[in-house]
Every structure is written in structure tokens, then in C-alpha cells.
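Sequence lines set the chain letters: A, B, ... in the order given, protein chains first and strands last, and positions in each chain run from 1. These numbers come from a predicted model, not from an experiment.
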Protein chains: 2
Amino acid sequence: MSRKAKRNGGDDIKMSDIARHAGVSPMTVSRALRAPSTVSEKMRRKVDAAVREFGYLPNRIAGSLSSKRSNVVGLIVPSIQNSLYANMIQAISDVLRANGFHLMIANSGHRLDDEEALVSALLAQRVCGLVLHNTTHTKGVRDLVAKTGVPVIETGNLPAEPLDMAVSYSNFEAARAMTAHLGRLGYRKIGFVTLPLRDNDRSEERRRGYFAALKELGLPADPSLVLEAPGGFSEGGDALVRLVQTHPGLDAAFFAGDVLAVGALFECQRRGWAVPGRVAIASFDDLDLLRHAVPTVTTLRIPRHEIGRRSAELLVNRLLGASPERIRIDVGFEIVQREST
Amino acid sequence: MSRKAKRNGGDDIKMSDIARHAGVSPMTVSRALRAPSTVSEKMRRKVDAAVREFGYLPNRIAGSLSSKRSNVVGLIVPSIQNSLYANMIQAISDVLRANGFHLMIANSGHRLDDEEALVSALLAQRVCGLVLHNTTHTKGVRDLVAKTGVPVIETGNLPAEPLDMAVSYSNFEAARAMTAHLGRLGYRKIGFVTLPLRDNDRSEERRRGYFAALKELGLPADPSLVLEAPGGFSEGGDALVRLVQTHPGLDAAFFAGDVLAVGALFECQRRGWAVPGRVAIASFDDLDLLRHAVPTVTTLRIPRHEIGRRSAELLVNRLLGASPERIRIDVGFEIVQREST
DNA sequence: TTATAGGATGGTAGCGATACCAAGAGAACG
DNA sequence: CGTTCTCTTGGTATCGCTACCATCCTATAA
């Protein structure tokens, strides 16, 4: 009673069966299915008829082995449970599907070692391309990528030296721009709440951007204005409360994660703190929610969908024959000024 | 310059190479990797050394073809862009990974024809199991599943007659329970806002549940109290406003989608309508957001994570040898009474 | 000691498709 | 009318691994 027994529900029609029943050679069946234009009308009709009659499903595993070509792309995200990745995944999935590719998804849980294990596993499955939502990798990952030569897209941040291709925005620039924006609006005591920094280059970059902007604004860099919080609504609220308590003069808070920002906003509503009267709130990433909350929340719009789309397009082009070259695309970002600041 | 050329970054070490370098037969390598206990300590060490030296990655495509066994499970969801599926996907992904399986994800965009095309495609990839977030299928899907005999999990709703295995809650019962709950709280004019009904048995079931509850409560079934809205915050707000305008006596609104409910809540905040003073709001699905919004929102807690986990567990058990049997698991739901009602 | 079982290895034959080359059938040409 | 060229079609040899069976070796029993 192996898995095998289960898979064969008694059918398992193969190409040679179709060929026999259609009165043609297996090669003709193969061609009729993959490149109909190379086969005469008559043959194609015979094959199509037999395929329909038996409900034949070509075995892509065999096809891939034989052609040394696969149509599955691997994607590794830190967490599936995050709507921010969802937009990107959707876009990738759509572009791939339109080009006959499939998507294998795995999540690394923000752990670099797990990323390496997953890259290995996906490569063993012989994926034809890889999308990594991460730009710092273990040596193992770099070696594997180099050795196998699979096309790789890195995203989530703009690496100085991409493994292969990168499509992203700069977390550093985005955080800097938002902080500068707050400064321009007249805020002088700006708190910063970051997601965990460990194993996460994105968070680290954002924090650097925040400090860079403070410097440019001529504001003091006060480390006690920076709080690290795990994701979640409550954590955002808690962080804001702590900041306000330790810094009575705080006039704005920049949250490097949209859920944190919304959590903070709710906390303000609960406590009756006017936003932005008592404290201004700025967020990172344009969650739909932020446009509808009361007040609406100032944030950075990151073109997540575009990132996904362009990543998949680059990958597909390469798989379809484009010559390999290091590409680094900066999709940029946009500050969306709303009521909360 | 085929894709092939790209894939061979110059390496492509195969099992026989490892065997040669380790001074053993290919079969021993195969066994050392897949069932180390069937190989002597000495052999295993030789093999491991060679594997590490060359950075050998077994070719699972070849393995699958040869063994007629695959370790990839296919998942089809209506849309990836929905945090509600995200919880389930995460759970599935985790369980599968812990058992050495991988996940191929596709989205049907709520179109049954697309679902069929995807089932075909995934079956052609020879996935060893299928999870469908949908319980009404085309004949084509039913035939394919029957013919190939792949284990299938249906979820998203409790089908009367599952294709194979089903893990879900009852949309009908859930909607009925919430409507009854509102009735018990004393609300008498309860609006209902549903997601699009077309090709979506879940929405349809929820609506039936709403009407069933009204009947039990002895309340009139007024079709004009039911509004169909595409998903989205704005649509939720719009729907509520329309309901209130056409039914001045409306005292509660039940939204069959969490985003709609939150949109309505924001609209109330904007208009200064007290919730639940002016109108009570109830939601479907326990988005984290609802627990933190102001006011917190009464809703139905659907154990999405558990659904994913149990689905994957059932699948894995079957793949590991459990005998096939129709299984239908009702994971239930829970009413979470909060401030909004 | 010889017989016998059982565990560890190796050899061989596929898995179901595709690549590549050879062969046959017409069409176009001088 | 034969030759060359192009378009279709078919045969054969893999692709890289695993199933299955044969073989061998060592340990235990008789």
C-alpha cells in the first residue's frame, strides 16, 4: 500500500497508448500537444480525438526529466500570513500562469537557515527559477545559486550586489523620505517603531533611513525614541503608549509596519488622543485599511503588485531565452500624505 | 539557447557520479539518502562524504518519475490576496513541510472553469494530493478526481457529498447562528450584506442561513434588507449607508465578510453614528483587526488555522498509507460577542 | 561442520516523456 | 523527368532515478 497504489486509480494512460489508438507515433502525439503547428491538420485531429476520448493528461514529470526543462518557479517568503506578501504573490502567480508556469511556495519564517534548506529542496525539485523575498543569504544559498545557475529574483530590499536579478524599492530611502516628510511638516520629536531587526535587513535599513533623515533635519538622534516591537496591533499601541510616556514632547511616531501603525491608531481612539493633534502617526506600506481608517493614515505606498509583476516578467523572459545579465530594478515608492499627520 | 542551457550552470552531478566517487553502486547511494538505516555505517559515511564534496542535489523529478510518487501537494484558492486564506495556507504549508512535502499554489479567481483548468494542470504535474477551497465543481473536476484517484481535501464549506475528504465549518449554520444571536440581543431589523453570490456556494449558504434564522425568530424576510457587495472597505460603508437610508428602522447589520464590516465601521465613525447605539455591526471571520478596532467588533470565529492544519494532516496520513475513506470534518465556529452589538 | 536465514550490496530494466537524426512524401526547379 | 529542398513523420537513445530480483556475506542453528 504505497502512495503509488493510490495514485493509480486504475488509469495511467500514457502517450504511447494515445499514439496507438490514434494510429500515429508517440512523437507525433508529443508534437501535436506541444507544437501543433509542426503537425499536419489530419494528424492533429486524430491525436486530439484520442486525447479527449481517453482524458489523457500528459505526465509533466516525465516531460521535464526528458527535456531537462521545468515549468515550476519556487518562491520563498518570510511568512505567508501577511497581506503585504499576498499582493506580490498574486501578481507573480498571475504572470506565471499566463505563461504556462506554476508556483511552488514556501515560507522561511524569517530564518536564514530555513531559507537555505528550502532553496535546496526547491532546487532538488528542479524549479526553473527562484524568487526570494530576502536579500541577505547564507553562503550555502549563494553557492547553490551560483552552482546551479538558476535565474533568481531577489526582492524586499535593494541589494548592493544582487545574486542575479533584483526588483525592489529601497527601505533605507523610503524610511528616510518619510522621516524627512514628517520633519518638513514641522514635527520635531519623531519616534520610530521598528519590527524585529534580527535576521531582517529590511528593518535594519529602515532604521538607518530614519537616523539619516534626523541628521539631515538637524534633529538629535535619540536611541530611546526607537522601539523594537514584534508585529501585531497590540504591539503598535503598546509601543506608542510607551513612547509617549517616556517622551512627553513626542509629536509624531513613524511605524515601520502598517499593522503596528493601525494598532497605535486604535489605541489613540481608545484613549481619546487626537491624531494628529496629540500625536501624528505615519506608517509604512499602503495597506488598504490605512486609506479608510479614521483618520486616514499617512504612509509609504510600495508598489507591491508591480514588484511581483515585474519579478515574474523578468523571470519569464529569462526562461524564454533572454540572455542572463545582472539586473537591479528600483520600483521606487511614494509618500501618501493623509489626515494622520 | 533553450532554458536547458541556463539550467546547466556547468554542474549536473548525478547519482552515478556520486556512486563512482564513493566507490559504491548507485543503488547504495539511493538507499543511503532515502533510507539510511538500510545501509551499513561504512557505506553511509562514504556516500555522505561524496555528497558533501560535490554538493550533490538529488533530482526529485527523476525520482518521482521512477517511483511514481510525488511529494508535491496542489492547492487552489479563489484568491491569494485575502488574509483569510493566508492563515490556512500557512498551516497547510507548515504541516506539509514537516512531513517532507511541498506546496504548489494556484488561484482560480472564483471561476469554476479556471478551477478545472488548474486541477488539470496540477494533475499533469502529478501532484500527490489536492486541496480545493471550494465545494462546487465542474463535471470535469469531478471526473478528473475520480479517474486519477488523488486524495482531495475540500474546504471553505461543508459539502453534503464530499469528493473525498472535507474539512470545514458550515457557512449556513454560522450565518444562522450569528443572525439568531443578533435576534437574541433584541435587534429586530437586521440587514445582511453578502459578497457576490455568483459561483460562490459559501455566499449563497450564508444568505440561506440568515433567512433561516429570521424565520426562526419570527421576523419578516425582507429581500430589500439583503445587499450584494463586492469586497472592499468602501463597499461595506456604502452598503451600510444604503441600508440605513432605505430602512430608517435598521438596528443591526450583519456583514458576510470582515472587510465589509470594518468598512462599515469606519463609515460610522466618519458620520458619527454610534455603534451599536445607532446601528449594530456584526462580521464574519475573525480578522485580527476586529479585536482591536474601536469599538471591537462582534464576529464569527472560524478556525482557519485549524482547517489548514487538519486538512494537511489528513492528506499526509493518506499519502503515508492510511486507507482511503470519505471523511467529513466539521470544525465548527464560535460567536465572539464584542462591543459592536 | 554444514545448512539456513537474513541483512547488505549490486545489476538490470524500466518510469513516460523528449531530442536528435533518418527517412519518406511532395513541391519546385532546371 | 530527375534532382534538390522542405515539410512531416517515425525510430532510437537517453533523462536520472528507483523497483525488483539476484547475489553475496556473515551469523546462528542443527
Here's a test of your reading of the structure: between A:Ser37 and B:Ala62, which maps to the more 5' nucleotide of DNA chain D?
A:Ser37
Nearest heavy atom decides the nucleotide; on that basis, is B:Arg60 or A:Met43 closer to the 5' end of DNA chain D?
A:Met43
Any side-chain N or O of [X] under 4.0 Å from OP1/OP2 of [N]?
| X | N | answer |
| --- | --- | --- |
| B:Arg34 | D:dA19 | yes |
| A:Thr28 | D:dT9 | no |
| B:Ser25 | C:dG10 | yes |
| B:Tyr56 | D:dC17 | yes |

Name the closest nucleotide to the [X] side chain, picking from [options].
| X | options | answer |
| --- | --- | --- |
| A:Ser40 | D:dG10, D:dT8, D:dA19 | D:dT8 |
| B:Asn59 | D:dC17, C:dG10, C:dG16 | D:dC17 |
| A:Val39 | D:dC15, C:dA17, D:dT9 | D:dT9 |
| A:Lys68 | D:dT8, D:dG11, D:dG16 | D:dG16 |

Nucleotide [N], atom [atom2] - distance to [atom1] of [X] in whole Å:
| X | N | atom1 | atom2 | answer |
| --- | --- | --- | --- | --- |
| B:Lys42 | C:dG7 | NZ | C1' | 14 Å |
| A:Ile18 | C:dT18 | CD1 | P | 13 Å |
| B:Glu41 | C:dA8 | CD | P | 12 Å |
| A:Met15 | C:dG16 | CE | C1' | 8 Å |
| B:Lys46 | C:dA8 | NZ | C1' | 12 Å |
| B:Arg69 | D:dA19 | CZ | C1' | 9 Å |
| B:Leu33 | D:dT18 | CG | P | 8 Å |
| A:Arg44 | D:dT9 | CZ | C1' | 14 Å |

Minimum heavy-atom distance A:Pro162-A:Met165, with the two atoms named
CB-C, 4.4 Å
When you measure only distances, ignoring hydrogens and angles, does the side chain of B:Ser16 come within 3.5 Å of the base of D:dG16 through a donor and an acceptor?
no
Do B:Ser67 side-chain and D:dT18 base share a donor-acceptor contact under 3.5 Å?
no
Salt-bridged, [X] to [Y], with N to O below 4.0 Å?
| X | Y | answer |
| --- | --- | --- |
| A:Lys139 | A:Asp143 | yes |
| B:Asp94 | B:Arg309 | no |
| A:Asp12 | B:Lys147 | no |
| B:Glu41 | B:Arg44 | yes |
| B:Lys14 | B:Asp17 | no |

Taking the nucleotide of DNA chain C with the closest heavy atom to each, which residue, B:Leu65 or B:Met27, is nearer the 5' end?
B:Met27
B:Arg31 near the nucleic acid: base, sugar-phosphate alone, or nothing, with a heavy-atom cut-off under 4.0 Å?
base
What is the nucleic acid contact for A:Pro26, judged by heavy atoms within less than 4.0 Å: base, sugar-phosphate only, or nothing?
nothing
